[in-house]
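These notes concern the structure reproduced below.
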Number of protein chains: 2
Amino acid sequence: MPALSIGDLARRTGVPVETIRYYERMGLLPKPPRTEGNYRAYEAAHERRLAFVKRSRDLGFGLDAIRALLDLADGADRPCGEVDALARDQLAEVERKIADLTAMRAELQDMLGHCRADTVADCEIIGRLRGR
Amino acid sequence: MPALSIGDLARRTGVPVETIRYYERMGLLPKPPRTEGNYRAYEAAHERRLAFVKRSRDLGFGLDAIRALLDLADGADRPCGEVDALARDQLAEVERKIADLTAMRAELQDMLGHCRADTVADCEIIGRLRGR
DNA sequence: CTTGACCCTGTAGCGACTACAGGGTGCAGA
DNA sequence: TCTGCACCCTGTAGTCGCTACAGGGTCAAG
Ligand SMILES: [Zn+2]
Ligand SMILES: [Zn+2]
Ligand SMILES: [Zn+2]
Ligand SMILES: [Zn+2]
């Protein structure tokens with residue numbers, strides 16, 4: 001496989017070019033070698049690392065957590081307790097957000113269900129935002 | 001009721017002082033009169049407006065939407081269709097986020113359930129982040 | 001040899017805050 | 001009266017994870 005340009009890598013991973021450069025600046029991706037014309041030249045290892053980052057982002061991990069996951073992934077014979085702890089923290093965070101959003105959804109649905117679509121003066125939504 | 005200081009208003013509404021000043025800069029709250037010593041002096045109307053903003057934020061409305069809601073709330077005899085549209089948009093946004101987070105939760109739970117807490121080399125979580 | 005797609009760096013903007021730094025005000029206790 | 005302390009002021013910069021330029025350089029096809 002020949003070296004990939006940043007655009008090639010973007011197409012293959014679905015991560016925008018600007019975001020790849022941002023990840024490099026943030027230390028998630030190693031600085032790749034450059035061509036004569038100063039273009040980044042990626043290899044398969046870079047693509048695997050970026051795919052790892054993308055899957056982690058898709059699960060909502062923050063960039064700090066991803067840096068930690070990448071470090072852990074490099075040490076094959078270490079116990080995976082730290083990995084699991086990061087995943088559990090992330091799960092807890094996701095569950096907290098779901099709980100918040102579920103409460104918002106219930107209130108919005110209830111407001112909308114009670115509104116008789118009349119004037120603003122007796123609109124249930126405005127009324128509740130005012131505090132009854 | 002005497003005038004309230006920004007700290008009083010913060011305690012009464014649960015909105016931090018810095019956030020109240022931020023809302024003022026963003027045009028969500030009118031600039032209150034000042035005391036001799038240049039302190040903001042709030043009245044009950046300010047407290048009601050800030051409470052409206054807080055309840056809207058708690059439902060996840062963005063500041064642009066809240067500005068629109070505040071404008072609509074001021075015109076009592078206008079039909080409330082626009083209000084309802086804003087609420088429906090917000091509900092749709094909340095439902096989209098819940099869907100995303102629910103997918104993340106399922107994957108995180110499944111990963112955690114499959115991990116036999118051994119070494120990183122055969123950790124299910126790291127394995128899936130690598131793409132099997 | 002020109003066109004156009006791509007690449008480079010560096011900087012600024014987004015949303016909704018949050019956290020200072022460096023000062024001024026106001027009141028209660030010694 | 002002094003002094004300490006809590007509070008207030010403005011202005012600016014940082015957070016997170018991008019995203020969008022501006023102003024250039026590179027490269028291959030036609
Ligand atoms: Zn109801
Ligand atoms: Zn209504
Ligand atoms: Zn499974
Ligand atoms: Zn594991």
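Letters A, B, ... mirror the listed sequences (proteins, then strands); counts begin at 1.
In this structure, A:E24 atom CD and D:dG17 atom P are separated by 18 Å, rounded to whole Å. Rounded to whole Å, the distance from OH on B:Y42 to C1' on D:dC8 is 11 Å. Atoms OH (A:Y22) and P (D:dC16) sit 8 Å apart, rounded to a whole Å. Note: CG (A:D64) to C1' (D:dG14) measures 15 Å, nearest angstrom. Counting to the nearest Å, the P atom of D:dG17 and the CG atom of B:D100 are 16 Å from each other. Rounded to an integer number of Å, the gap from CG of A:L29 to C1' of D:dC18 is 14 Å.
Counting non-hydrogen atoms under 4.0 angstrom, A:R21 reaches a base of the nucleic acid. Within 4.0 Å of A:R40, counting heavy atoms only, lie sugar-phosphate atoms of the nucleic acid but no base atom. In this structure, A:F61 reaches neither bases nor backbone, as no heavy-atom distance under 4.0 Å exists between it and the strands shown.
Within the structure, every side-chain polar atom (N or O) of A:T19 is placed at least 4.0 Å from both OP1 and OP2 of D:dC18. In this structure, A:T35 does not reach the D:dT26 phosphate: none of its side-chain N or O atoms is under 4.0 Å from OP1 or OP2.
Atom CZ of A:R34 has more than 12 heavy atoms from other residues, nucleotides or ligands within 6.0 Å.
A salt bridge links A:R96 to A:E93: at least one charged side-chain nitrogen sits closer than 4.0 Å to a carboxylate oxygen. Of the charged side-chain nitrogens involved, none lies within less than 4.0 Å of a carboxylate oxygen, so that B:D58 and B:R55 do not count as a salt-bridged pair. Contact check on A:D100 versus A:K97 returns no salt bridge, with no Lys/Arg side-chain nitrogen under 4.0 Å from an Asp/Glu carboxylate oxygen.
Test A:R40, A:R49, A:K31 against A:E24 for salt bridge (charged side-chain N to carboxylate O under 4.0 Å, His left out) and you get one pass: A:R40.
The outermost nucleotides of DNA chain C lying under 4.0 Å from heavy atoms of chain B, listed 5' to 3', are C:dA16 to C:dG26.
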Worked check of side-chain contact (heavy atoms from CB on, under 4.5 Å) between B:L50 and B:R12 | CA-CA 10 Å; B:L50 179 54; B:R12 292 166 72 112; over 6 Å; no
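Taking for each of B:Y39 and B:E18 the nucleotide of DNA chain C with the nearest heavy atom, the 5'-most of the two is the partner of B:E18. Taking for each of B:L63 and B:E36 the nucleotide of DNA chain C with the nearest heavy atom, the 5'-most of the two is the partner of B:L63.
Formation of a donor-acceptor pair under 3.5 Å by the A:D8 side chain with backbone atoms of A:S5 is found in this model.
Candidate nucleotides D:dC8, D:dT19, D:dG17 were compared by shortest atom distance to the side chain of A:R25, and D:dT19 ranks first.
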